[in-house]
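Sequential numbering from 1 along the given sequence is applied to the chain's residues. The model shown is predicted, which means the values in this text are computed figures rather than measured ones.
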Amino acid sequence: MPLLLLCGFGLSAFISAIGVVAYVLMALTLPFSSSYSIEGHPATRSEFLHAMWPLFVAFPPILLLFGAIAYALWRERPWSRWLMLGFWGVNVLAGVGIALSPLAQESGAWASVIAYSLMLVVAWWYLYRKPGVVAYYRLLEEQAKTRVRDWAPMGS
């Protein structure tokens, strides 16, 4: 496995594991908290939940995506490439959504869209154009075809 993919595996597994722990702790402590704040200002529980619901909804799918990337890299699955590109694509779309939302108060909201778009292009180049990585995935695809052939019923 190329070194950068190995690093991606470790980082994805780490983020997924730590994120699950953080999410569970947050879910357990939130009902028992007595004070809430939004951007440093005191808020009621309902105001806090109203402001934070996108984070509570978006966090689990992000963690699942990190977990799926870690699994695919660990098991050396050829489809790990499109999962990684999907990660950067989701970030681009989320950045556009945030930049277009009325909550975006900063003029630099589009900077994340540019940065994530650049990362998407770099990831695409690395996964589909870098010779060593292309050779690695070609080998994985051949191994996957062999596994399917070996498991095919007799006579097919």
Side-chain angles (χ1 to χ4, degrees), residues 1-41 43-130 133-134 136-138 140-141 143-144 147-148:
M1 175 182 294
L3 180 62
L4 195 54
L5 291 179
L6 186 61
C7 293
F9 159 67
L11 184 64
S12 295
F14 177 76
I15 290 172
S16 183
I18 293 297
V20 166
V21 170
Y23 194 78
V24 167
L25 288 175
M26 181 178 57
L28 290 174
T29 60
L30 195 60
F32 303 106
S33 297
S34 59
S35 64
Y36 301 90
S37 66
I38 301 171
E39 296 181 8
H41 303 299
T44 65
R45 179 180 293 176
S46 63
E47 291 170 335
F48 179 79
L49 292 174
H50 179 73
M52 297 303 290
W53 75 265
L55 174 69
F56 298 139
V57 171
F59 204 53
I62 292 168
L63 293 177
L64 284 173
L65 183 56
F66 272 114
I69 290 169
Y71 174 81
L73 289 171
W74 171 53
R75 301 299 293 172
E76 296 187 306
R77 300 295 190 229
W79 44 270
S80 63
R81 283 201 287 195
W82 62 261
L83 270 181
M84 289 181 279
L85 285 181
F87 169 78
W88 292 111
V90 165
N91 278 292
V92 169
L93 294 176
V96 169
I98 290 168
L100 292 176
S101 90
L103 299 174
Q105 299 172 358
E106 297 179 21
S107 60
W110 287 98
S112 67
V113 175
I114 294 167
Y116 287 135
S117 297
L118 180 61
M119 288 307 300
L120 178 63
V121 170
V122 169
W124 173 83
W125 171 84
Y126 179 78
L127 294 169
Y128 287 94
R129 293 292 180 240
K130 190 164 190 310
V133 177
V134 170
Y136 171 74
Y137 276 103
R138 189 174 300 123
L140 292 184
E141 289 165 359
Q143 290 173 346
R147 277 193 302 266
V148 169

Could I get the full list of side chain to side chain contact (heavy atoms under 4.5 Å, CB included) partners for [X], not counting sequence neighbours?
X     : value
Val20 : Val24, Leu63
Leu49 : Leu30, Arg45, Phe56
Val96 : Leu100, Trp110, Val113
Ala22 : none

Could you give the distance from [atom1] ([X]) to [atom2] ([Y]), rounded to the nearest 0.5 Å?
X     : Y     : atom1 : atom2 : answer
Trp82 : Ile69 : CH2   : CD1   : 10.0 Å
Leu85 : Ser80 : CG    : OG    : 10.0 Å
Phe66 : Leu83 : CZ    : CG    : 12.0 Å

To check you understand the geometry: which heavy-atom pair defines the closest contact between [X] and [Y], and what is its length?
X     : Y      : value
Gly95 : Ser112 : CA-OG, 4.1 Å
Leu5  : Leu73  : O-CD1, 3.7 Å
Gly19 : Phe59  : O-CE2, 3.5 Å

| query | How about Met119 and Asn91: do any of their side-chain heavy atoms sit closer than 4.5 Å? | reply |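 They are not in contact (no side-chain heavy atoms under 4.5 Å apart), so the answer is no.
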| message | Is the shortest side-chain heavy-atom distance between Tyr126 and Pro2 below 4.5 Å? | response |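 Touching, per the 4.5 Å side-chain cut-off.
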All ring pair (Phe, Tyr, Trp, His ring centres under 6.0 Å) counterparts of [X], not counting sequence neighbours:
X      : value
Tyr136 : none
Phe48  : Tyr36
Phe14  : none
Tyr137 : none

| query | Under 6.0 Å from the CH2 atom of Trp79, do we count more than 12 heavy atoms belonging to anything else shown? | reply |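 Buried by this count: over 12 neighbours within 6.0 Å.
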| request: Could you pull out all residues at least two apart from Tyr116 that satisfy side-chain hydrogen bond (donor to acceptor under 3.5 Å, both in side chains)? | output: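 Expected list: none.
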| message | If the condition is side-chain hydrogen bond (donor to acceptor under 3.5 Å, both in side chains), which residues does Thr29 pass it with, not counting sequence neighbours? | response |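 Applying side-chain hydrogen bond (donor to acceptor under 3.5 Å, both in side chains) to Thr29 gives none.
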| request: Among residues two or more places apart or on two chains, list those pairs meeting salt bridge (Lys or Arg N to Asp or Glu O under 4.0 Å) that have a residue in residues 73-98. | output: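 Applying salt bridge (Lys or Arg N to Asp or Glu O under 4.0 Å) to every pair that reaches into residues 73-98, excluding sequence neighbours, yields Arg81-Glu141.
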